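Note on naming: letters A, B, ... go to the chains in the order of the sequence lines (proteins, then strands), and numbering restarts at 1 for each one. In this text, all values refer to a predicted model and were calculated from it rather than measured experimentally.
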There are 2 protein chains.
Amino acid sequence: MVQKDTVTSILNAAEELFSERGFAETSLRNITTRAGVNLAAVNYHFGSKKELIQAVFSRFLRPFCVLLESKLAELHKTQPDFNELLMLMAHTALQASHGKPKRLAIFMRLLGLAYSQGQGHLRRFLQKEYTPVFGGFMQLIKAASPELSDEERFWRIHFMLGATAFTLSGADALMAMAEHDLGKGSDFTQVLNRLIPFLAAGMNAPILEPT
Amino acid sequence: MVQKDTVTSILNAAEELFSERGFAETSLRNITTRAGVNLAAVNYHFGSKKELIQAVFSRFLRPFCVLLESKLAELHKTQPDFNELLMLMAHTALQASHGKPKRLAIFMRLLGLAYSQGQGHLRRFLQKEYTPVFGGFMQLIKAASPELSDEERFWRIHFMLGATAFTLSGADALMAMAEHDLGKGSDFTQVLNRLIPFLAAGMNAPILEPT
DNA sequence: AATCGTTTTAAACAAGTGTTTTAAACGAAG
DNA sequence: CTTCGTTTAAAACACTTGTTTAAAACGATT
């Protein structure tokens, strides 16, 4: 691979290493070595390690949000059900990954890390920068499940989020495990096609309001 | 709180700090300071930081496994459905947490960290030590879903696992968010009572085998 | 060709890490 | 009381971390 722009080399290396080892476990020296640039380049171009982490997220999230926003605009007229909504989301995410499922898996793992690992600054950053776009998607979800209370819907959305983040972030490891355990391989889109009906059924589950 | 045994003081402090900040972000000095013991005590009693991490898991997992194993034995006679199976699992986990939901949340977060964070030694440790016990549970799941192909069931189990780990590990943060967003608070068992029907519906979702 | 702002380089910085070492304190057994 | 193995204590170990510095190299503009 030829020597690209310094900052994108750093972003590429950081994206890979962060998703493999986590944020704290990845040192700036790991990143700059893999990127083939000088150690000081990170602090020069990004300011600090924290800002580098945020930049990694922004590079993926910004194009994804504009893509999603445009698709949501033309979808607000119809009344899509969960299967349609989730397939749209999956398709948009894959599109933002330039069609490469591997990139989506990497980003999902980063997203999982952002929540599981301390990284309070990251949660705040994501919340402040990228929540408005998801508001439109939430409205469509609400329209698709008018029978659910706000509380019930809130939790079911996070159940979906968990299943998705966990599965897609470990997709390659799980696919390898599936091949080993039952001899049948799967590919990434197959997994998505199994996941979506599962989630839709969960969202449409009979309600059991607490006493 | 009075000064307990040195090793359990260390385990308590490590359990809390690991679940709050992650493994790499928690230093031995953090742990020994909170535990009120000398820094060298960790290496003296556990050998290394890695072995301390494993000891934290063992302290929870070992009693949980014996509890689960005994319950599974008397359950193999009946033909429990998913709601029963999941409720049994939840009840056992809560019981292993001495009835304190907070402790279960902490352990779930640790489990999530073990998978998301690098920590290859931990994944290997957990796999080698504690997988046999879950085999029995898997058999019951298989018996409860004979219409599913092995492949479909494999993936749906991991969908469940993801939703559960993600939700319960971040339960306190999510509960705070729920209270802030929609003014209604939830408690831990309520969340479990919402999660289980969601998962059961997902497991029983109509099958859409790939072409 | 000389000059400017921008970028890269190598070296050092202070701070924090896990671990080891040495000596001191403890608590029961002879 | 003394002696013994076990536990604690303080200090130092060698090493890695993120960040900063100051000089060198670069690249376009005048």
Would you call B:K102 and B:D172 a salt bridge, taking side-chain N to carboxylate O under 4.0 Å as the test?
-> no
Write down the protein N/O and nucleotide N/O pairs, taken from nucleotides 14-18 of chain C, whose separation is under 3.5 Å; answer none if there are no such pairs.
unit_1, atom_1, unit_2, atom_2, d
C:dT17, OP1, B:S27, OG, 3.1
C:dG18, OP1, B:L28, N, 3.4
C:dG18, OP1, B:K49, NZ, 2.9
C:dG18, OP2, B:L28, N, 2.9
C:dG18, N7, B:R29, NH1, 3.0
C:dG18, O6, B:R29, NH2, 3.1

Within the structure shown, what part of the strands sits under 4.0 Å from A:A41 by heavy-atom distance: base, sugar-phosphate, or nothing?
-> nothing
More than 12 heavy atoms from other groups under 6.0 Å of CE on B:M87 = no
OP1, OP2 of D:dT8 versus side-chain N and O of B:H45: anything below 4.0 Å?
-> yes
To the nearest angstrom, the CZ-P distance between B:F46 and C:dT20 comes to 16 Å
Would you mind reading off the distance between A:N38 atom CG and C:dT8 atom P, rounded to a whole angstrom?
-> 9 Å
Which nucleotide, C:dT6, D:dA9, D:dT20, lies nearest any side-chain atom of A:Y44?
-> C:dT6
What is the distance from CD1 of A:I10 to C1' of C:dT7, rounded to the nearest Å?
-> 12 Å
Under-4.0 Å side-chain N/O to phosphate OP1/OP2 contact, A:T6 with C:dT8 = yes
Spatial distance of atom OG1 (B:T6) from atom CG (B:L11) [nearest 0.5 Å] | 11.0 Å
Of the non-hydrogen atoms in B:F159 and A:A163, which two are nearest, and what is the gap between them?
-> O-CB, 3.4 Å
For DNA chain D, what are the stems built from at least three Watson-Crick or G-U pairs in a row, each pair having both distances below 3.5 Å?
-> C:3-5 with D:26-28, C:8-30 with D:1-23
